[in-house]
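Only this structure's heavy atoms are used, side chains among them; waters, hydrogens and symmetry mates stay out. First the proteins, then the strands, lettered A, B, ... as listed; each starts at 1.
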There are 2 protein chains.
Amino acid sequence: MEDRLAQQLKKGVLEMLVLELVCRKATYGYELLQRLKEGSEGLFQLKEGTLYPILYRLEDDGLIESRWSQGEGRAAPKKIYSATDRGRQARLRRQLIWVEFKKTVDSFYEGGNES
Amino acid sequence: MEDRLAQQLKKGVLEMLVLELVCRKATYGYELLQRLKEGSEGLFQLKEGTLYPILYRLEDDGLIESRWSQGEGRAAPKKIYSATDRGRQARLRRQLIWVEFKKTVDSFYEGGNES
DNA sequence: CTAGGTATTTAGTAATGCTAAGTATACAGC
DNA sequence: GCTGTATACTTAGCATTACTAAATACCTAG
């Protein structure tokens with residue numbers, strides 16, 4: 001029953017984290033999948049069908065932009081994403097929202113209400 | 001654009017918080033609306049149509065139970081919710097999941113990756 | 001030439017918060 | 001009495017977003 005909670009908690013957070021990672025370093029989908037998985041002990045072990053739509057949303061919103069990289073060597077072509085100025089601004093706003101959100105939620109656990 | 005983020009972040013959290021509040025003190029829908037609003041500076045200022053379905057889900061899942069309180073004084077009847085044993089166990093598991101989730105997300109912000 | 005790793009795309013489903021409207025009781029002010 | 005406001009619960013329908021599953025395509029190793 002609590003697997004559902006973990007799934008729902010990701011809503012919004014995933015897009016926020018993808019923006020964060022792209023802001024830190026231009027990258028492409030497949031690498032993001034690995035970075036998210038490795039950096040989260042499997043919590044963010046996404047299937048491709050979860051990640052790519054997030055990238056398309058971010059691009060539609062003008063927060064990231066992409067260019068095709070014709071395979072270095074002879075590898076499959078990659079779509080390299082990098083952050084736009086608007087993306088970097090949004091990144092900061094989102095991090096603030098996350099910090100405030102955490103604080104608010106935690107206040108309900110800490111708040112010494114009746115038991 | 002970032003209003004959407006705050007909205008999405010609530011997914012899962014709302015049900016978790018309602019369970020927490022009911023575990024602390026048997027209560028009813030309308031009072032929960034006020035407690036959530038007042039305890040969050042408006043972040044959890046829900047409409048009834050958001051809260052009541054959460055209560056029904058928690059009850060369907062056997063985590064809380066309800067009884068009708070025929071209006072004290074002459075007020076409208078209230079549906080009083082209280083936590084079940086399973087609800088109290090779930091409450092603890094969910095709080096742990098929340099703590100771990102926060103930690104994982106924060107690690108992506110703190111993690112000194114490339115800039 | 002088959003298997004597996006790399007890399008992207010898309011269709012369809014499920015969960016959950018949102019808006020909006022409706023029902024009903026009690027009380028205060030005109 | 002009538003109107004508005006506060007209390008209190010219910011329901012229908014929509015939007016967003018993560019999930020599964022499958023398809024496409026290239027390259028390397030055996």
What are the residues of residues 50-58 of chain B, sorted by number, that bring a heavy atom to within less than 4.0 Å of DNA chain C? B/Thr50, B/Ile54, B/Arg57

If you count every heavy atom of other residues, nucleotides or ligands that lies below 6.0 Å from B/Asp85 atom CG, does the total exceed 12? no

Just checking A/Leu33: base, sugar-phosphate only, or nothing, at a heavy-atom cut-off of under 4.0 Å? nothing

Can you tell me the distance, in whole Å, between the NZ atom of A/Lys79 and the C1' atom of C/dT10? 12 Å

Touch check for A/Leu46, heavy atoms < 4.0 angstrom, all strands: base, sugar-phosphate only, or nothing? sugar-phosphate

Please examine the side chains of B/Lys78 and B/Trp68, heavy atoms only from C-beta on, and report whether any two atoms are closer than 4.5 Å. no

Quickly work out the B/Leu36 CG to C/dG17 C1' distance and round it to whole Å. 13 Å

Expressed as a whole number of angstroms, how long is the span from A/Lys47:NZ to C/dT8:P? 17 Å

Output all residues satisfying salt bridge (Lys or Arg N to Asp or Glu O under 4.0 Å) with B/Glu100, sequence neighbours left out; order by chain, then residue number. B/Lys103

To the nearest angstrom, how far is B/Trp68 atom CH2 from D/dT7 atom C1'? 13 Å

Could you give the CD-to-C1' distance, from A/Gln8 to D/dA15, as a whole number of Å? 14 Å

Which part of the nucleic acid, if any, lies within reach of B/Lys10 when heavy atoms closer than 4.0 Å are counted: base, sugar-phosphate only, or nothing? sugar-phosphate

Assert: residue with more 5' nearest nucleotide on DNA chain C, out of B/Gln7 and A/Glu31, is A/Glu31

Any N/O donor-acceptor pair, B/Lys11 side-chain to D/dT16 base, under 3.5 Å: yes

Which residues pass the salt bridge (Lys or Arg N to Asp or Glu O under 4.0 Å) test with B/Lys102, sequence neighbours left out? A/Asp106

B/Arg4 has its side chain closest, among D/dT17, D/dC9, C/dT16, to D/dT17

What's the OH-C1' distance between A/Tyr28 and C/dT8, to the nearest Å? 12 Å

Atom pair distance, as rounded to whole Å: CD in A/Glu15 and C1' in D/dA15: 14 Å

Whole angstrom is fine here: how far is it from CG in A/Asp3 over to C1' in D/dT20? 15 Å

Enumerate the protein-to-nucleotides 21-24 of chain C contacts in which both atoms are nitrogen or oxygen and the separation is below 3.5 Å.
none

Taking the side chain as C-beta and beyond, is there a heavy-atom pair between B/Gln8 and A/Lys10 under 4.5 Å? no

Under the side chain to side chain donor-acceptor pair (under 3.5 Å) rule, collect the residues that match up with B/Glu59, sequence neighbours excluded. B/Ser66

Among A/Leu58, A/Ile80, A/Ile64, find the one that has a side-chain contact (heavy atoms from CB on, under 4.5 Å) with A/Val22. A/Ile64

Hey, are the side chains of B/Val13 and B/Trp98 touching, using non-hydrogen atoms and a 4.5 Å cut-off? yes

Suppose we screen for salt bridge (Lys or Arg N to Asp or Glu O under 4.0 Å). Which residues come up paired with A/Lys11, at least two apart in sequence or across chains? none

